[in-house]
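See structure below.
Keep in mind that what you see is a predicted model, and the values were worked out from it rather than measured. Below, read A as the first sequence line, B as the second, and so on, with proteins coming before strands; counting in each chain starts at 1.
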Amino acid sequence: MNVISTNALMKSFGVLGMVEELLWVWHRMKENGIEPSLFMYNLLMDGFVNSMFVESAEKVFDAMESGKVLPDVVSYNILIKGCCKVGKTRKGLEKLKEMEVKRVFPDKITYMTLIQSCYSEENLDSCLRLFNDMEEKELEIPSHAYSLVISGLCKAGKSVEGFCVFEGKGVKPNVAIYTALMDSYAKSGNGDGIMKLFQRMKDEGFEPDEVTYGVIVNSLCKTGKLDNAVEYFNFCKESSVQINAMFYSSLIDGLGKAGRVDEAEKLFDEMVDKGCTRDSYCYNALIDSFAKCGKMDEALMLFKRMEEEGCDQNVYTYTILISGLFKEHRNEEALKFWEMMIDKGITPTPASFRALSTGLCLSGKVARACKILDELAPMGVLPEAAYEDMIHVLCKAGRIEQACKLADGIVDRGHEIPGRVRTVFINALRKSAKYLKVGCRDSIIDVHPNCYEGIAVSNGLRS
DNA sequence: ATAGGGTTAG
């Protein structure tokens, strides 16, 4: 055994994640009196990190720091990669700071590892900070860094800022960057911006791929331009663009919302012939289409089929069914789906609770909704605007008395009534002055002095 | 030796 064979073995085992074998070589090496080099330390650390033994990698790192062979930038990069891999990005960022102190200079890999991790955690601020750091240090900025920063801005709804970075010098555009910008434009309602960028990327010789077309079709569906969306879809089918489930879910959703349920269903059936697996997005879109046009039994059948096909039923599936069932006054069934969802360990979202509470409030079961809301709190789910929504729903339905009772209950629980809700009350009171006579008047006046003014206005309107 | 993009939901 010599240094060269040790290096070769460690490299192979490290890449393959064969930690035991890696350690075997390490021990044989020590037995043979070979002092581990920086190279070998790094190989060992990388082997550990690749096998998710990040703590072991850290121990190696610490051993280096207290030994003869000091960690270099690669050691740091591997350790930072390990931190990011196990979700400890903050720790990775701290290691970057530590590098400054230890006078080990971070390189583009250090930054890319961290930017990547911050990006996947949707930590835009850190992404931008790291990116600026890179610029300041005059490191070579890989195209990928621009992708991440622009996409990060786009995801955060800052399409204008994203476009500014894109237009800045040093950016090498690619299909992914164009697509991210187009999607962001779509989400901010800039339909013209999308098509302009689409044209521009083609003019520059970039070939739009299935993700780009997916974004276009989705955007057209969302803005109700369904025939246009179908045209692009057909174009993709005829050319070499790979059709995926996203095309189908976007179109099914759009067609369903436009009341073209038959066409939506046809596309859903077509997926099998095309060898395209139906995911939860597709199922949910079609279930929603059925629910929206009162075909609840068809929707429920799809729910069953989802289970049979092994497609995950998620919080969206349940929310669609719960609100659909309430709309048909099938209250007990709706409640059953809520319970089923909780039993399955699916965490409710504010929107799912909104569906439930709206249904319960409108069928006069405000107390029941409050009870369920109380049960959610220990689960760590407390839809912030839940009570607000309920008051809103009740006011809109003209049930101001109940809304007031609810407002009192909220104050009893130690919550405050935000100004927005007062406005809701005032508007409701204006609309139906007769409610001024009932008990709610006290509750509003007692709890929310600002409403005096509202009632005065309301009185004024009446006289 | 170490880092690598973009899309879908009530």
Side-chain angles (χ1 to χ4, degrees), chain A residues 7-8 10-12 14-15 37-47 49-50 57 71-82 84-85 92 106-117 119-120 130 142-152 154-155 162 172-184 186-187 201 208-219 221-222 244-254 256-257 279-289 291-292 314-324 349-355 358:
Chain A
N7 271 340
M10 285 190 66
K11 194 176 169 186
S12 321
V15 168
S37 63
L38 177 61
F39 242 71
M40 292 177 189
Y41 274 114
N42 287 346
L43 287 171
L44 182 66
M45 274 179 66
D46 196 44
V49 166
N50 285 338
D72 71 342
V73 59
V74 178
S75 326
Y76 269 103
N77 288 349
I78 293 166
L79 187 63
I80 290 172
K81 174 176 78 167
C84 293
K85 236 182 157 170
D107 61 7
K108 64 175 174 184
I109 295 174
T110 323
Y111 280 103
M112 288 309 292
T113 310
L114 285 166
I115 289 182
Q116 179 64 54
S117 186
Y119 174 81
S120 50
L130 290 162
S143 183
H144 192 59
Y146 287 108
S147 281
L148 291 170
V149 166
I150 294 171
S151 304
C154 287
K155 254 194 190 165
K172 254 180 46 203
N174 57 38
V175 179
I177 293 179
Y178 269 111
T179 308
L181 279 166
M182 285 167 62
D183 180 60
S184 190
K187 295 218 169 66
M201 75 177 279
D209 62 10
E210 74 272 13
V211 183
T212 318
Y213 281 107
V215 166
I216 289 187
V217 168
N218 184 256
S219 151
C221 288
K222 284 273 177 315
N244 56 37
M246 195 195 142
F247 283 90
Y248 283 103
S249 63
S250 300
L251 285 162
I252 292 168
D253 189 61
K257 288 209 167 52
D279 59 10
S280 55
Y281 285 90
C282 297
Y283 265 105
N284 289 346
L286 191 60
I287 291 178
D288 190 53
S289 309
K292 286 271 166 358
N314 55 28
V315 64
Y316 295 99
T317 323
Y318 284 96
T319 308
I320 295 163
L321 289 175
I322 289 167
S323 62
T349 57
S352 66
F353 182 76
R354 186 153 51 237
T358 303

Classify [X] by what it touches in the nucleic acid, base, sugar-phosphate, or nothing, heavy-atom distance under 4.0 Å.
X: K85(A); result: nothing
X: D253(A); result: sugar-phosphate
X: V175(A); result: base
X: V315(A); result: base
X: Y178(A); result: nothing
X: K172(A); result: nothing
X: N218(A); result: sugar-phosphate
X: T179(A); result: base
X: S143(A); result: nothing
X: S250(A); result: nothing

Consider side chain to side chain donor-acceptor pair (under 3.5 Å). Of D46(A), T110(A), T113(A), which one does K81(A) pass it with? D46(A)
Whole Å only: how far is the [atom1] atom of [X] from the [atom2] atom of [N]?
X: L44(A); N: dT2(B); atom1: CG; atom2: P; answer: 15 Å
X: Y146(A); N: dG5(B); atom1: OH; atom2: C1'; answer: 15 Å
X: M201(A); N: dG5(B); atom1: CE; atom2: C1'; answer: 13 Å
X: L38(A); N: dT2(B); atom1: CG; atom2: P; answer: 14 Å
X: M182(A); N: dT8(B); atom1: CE; atom2: C1'; answer: 15 Å
X: I177(A); N: dG4(B); atom1: CD1; atom2: C1'; answer: 12 Å
X: Y111(A); N: dT2(B); atom1: OH; atom2: P; answer: 21 Å
X: Y119(A); N: dA3(B); atom1: OH; atom2: P; answer: 19 Å

Side-chain ([X]) to main-chain ([Y]) donor-acceptor, under 3.5 angstrom:
X: S120(A); Y: S117(A); result: yes
X: S352(A); Y: T349(A); result: yes
X: T358(A); Y: R354(A); result: yes

Measure from the side-chain heavy atoms of [X] and tell me the nearest of [options].
X: N77(A); options: dT2(B), dG5(B), dG6(B); result: dT2(B)
X: A176(A); options: dG5(B), dT2(B), dT7(B); result: dG5(B)
X: N284(A); options: dA1(B), dA9(B), dA3(B); result: dA9(B)
X: D72(A); options: dA1(B), dG5(B), dT8(B); result: dA1(B)
X: M246(A); options: dG5(B), dA1(B), dT8(B); result: dT8(B)
X: T113(A); options: dG5(B), dA1(B), dA3(B); result: dA3(B)
X: K155(A); options: dT7(B), dG5(B), dA1(B); result: dT7(B)

Which salt bridge (charged side-chain N to carboxylate O under 4.0 Å, His left out) pairs, counting each pair once, include a residue from residues 208-218 of chain A, with sequence neighbours left out? none
Any [X] side-chain N or O less than 4.0 Å from OP1/OP2 of [N]:
X: K187(A); N: dT8(B); answer: yes
X: Y281(A); N: dT7(B); answer: no
X: K81(A); N: dA3(B); answer: yes

Give a yes or no on whether a donor-acceptor pair under 3.5 Å exists between the nucleobase atoms of [N], that is its base, and the side chain of [X].
X: D183(A); N: dG6(B); answer: no
X: N314(A); N: dA9(B); answer: yes
X: D209(A); N: dG6(B); answer: yes

Taking 4.0 angstrom as the limit, do K155(A) and D183(A) come out as a salt bridge? no
Partners passing side chain to side chain donor-acceptor pair (under 3.5 Å) against N284(A) (at least two apart in sequence or in another chain): N314(A), T317(A)
